[in-house]
Amino acid sequence: MNVNIYIETSFKGPAIKRAVGAWIVEYIGRDGTPNTRGGLIYTDRTSENDLALCLIEKAFSILTKTCCAVVFTECGHVLRTMQNHWLARWRKNGWINGKGKLIRNAGAWNRCADLFDHHMTEWTDQWHTYRQEMQRRIRKELDLEHAFEYEEIVVEEWNTPKRRKERDYV
């Protein structure tokens, strides 16, 4: 099965600030219809890398079958890590980087690596058709006052109703 995973964040860079990120998992059903699952994550204090890893973990955690996943993200650190195969080296070296230091977000990377083990992945920063809608919804959530330091937000319109026969595919 082929799956596309779309990850968007409200800002770029290493700064720590209030942020919202969005994830969508899309697959094509047996009848040729696109099916999606997705949501948002709001947090008071995070970096782009932390948020992107949280979104990626959430997206991969809903996959119940082995698949080929193309991940669309503009997070430069995540892209470089995956495209340069640093993750495999970090894991092999006990989450120590080439400079002999413990990598940032080692716990998140370890959880993601465990999820990636079940899938073939490709990583890209190419434009995708969901980007504009995801960014619009992110901006909307940033304008709202959230009561929690960390909150998952369900976006009903991003979640295709599950049909009984396709329930086990994602």
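As a basis for the values below, the full set of heavy atoms in this structure was taken, side chains included, without hydrogen atoms, waters or symmetry mates.
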side-chain contact (heavy atoms from CB on, under 4.5 Å) between V71 and T124, intermediate numbers included: CA-CA 6 Å; V71 182; T124 183; over 6 Å; no
Expected output: side-chain N84 to main-chain R80 donor-acceptor under 3.5 Å: yes
Heavy-atom donor-acceptor pair, T36 side chain to W158 backbone, under 3.5 Å: yes
Side-chain heavy-atom pair I56, M82 within 4.5 angstrom cut-off: no
E8 side chain vs M134 backbone, donor-acceptor pair below 3.5 Å: no
Within-4.5 Å side-chain heavy-atom neighbours: R37 and T160: yes
Aromatic plane relationship, W109 with W90 - under 30° parallel, 30 to 60° tilted, over 60° perpendicular: perpendicular
Gap separating the NZ atom of K58 from the CG atom of L115, nearest 0.5 angstrom: 11.5 Å
Student check: side-chain heavy atoms of H118 and L63 closer than 4.5 Å: no
Salt bridge flag under 4.0 Å for residues D114 and R91: yes
Non-hydrogen atoms of L51 and A19 that approach each other most closely: CD2-CB, 3.8 Å
Flag, side chain of N159 to backbone of G38, donor-acceptor distance under 3.5 Å: yes
Intermediate values then yes/no, side-chain contact (heavy atoms from CB on, under 4.5 Å), K140 and I138: CA-CA 5 Å; K140 177 181 174 185; I138 285 170; over 6 Å; no
Working for side-chain contact (heavy atoms from CB on, under 4.5 Å), residues V25 and V3: CA-CA 7 Å; V25 175; V3 172; 3.4 Å; yes
Short N-O contact, R18 and E141, less than 4.0 angstrom: no
Any side-chain heavy-atom pair of I5 and F60 under 4.5 Å: yes
Exercise: identify the closest heavy-atom pair between M1 and C67: O-CB, 3.0 Å
Smallest separation among heavy atoms of L102 and G94, with atom names: CD1-O, 4.3 Å
Straight-line distance of Q135 CD to L142 CG, nearest 0.5 Å: 9.5 Å
Heavy-atom side-chain proximity of I41 to L55 below 4.5 angstrom: yes
E122 CD to N4 CG distance, which is reported to the nearest 0.5 Å: 9.5 Å
Polar contact flag, side-chain donor to acceptor under 3.5 angstrom, S47-N49: no
Test item: L79 and T73 side chains (from C-beta on) under 4.5 Å apart, heavy atoms: yes
Between H128 and E26, a side-chain donor and acceptor under 3.5 Å: no
NZ (K101) with more than 12 external heavy atoms under 6.0 Å: no
Q83 atom CD, neighbour heavy-atom count above 12 within 6.0 Å: yes
4.5 Å side-chain heavy-atom contact, L40 and V155: yes
Heavy-atom side-chain contact between T33 and I28 under 4.5 Å: no
Charged N-O contact under 4.0 Å between R131 and E74: yes
N93 side chain vs R89 backbone, donor-acceptor pair below 3.5 Å: yes
Evaluation steps, side-chain contact (heavy atoms from CB on, under 4.5 Å), between F72 and I7: CA-CA 6 Å; F72 294 79; I7 304 296; over 6 Å; no
Spacing of D44 atom CG and I16 atom CD1 [to the nearest 0.5 Å]: 12.5 Å
K99 backbone acceptor or donor facing N97 side chain under 3.5 Å: yes
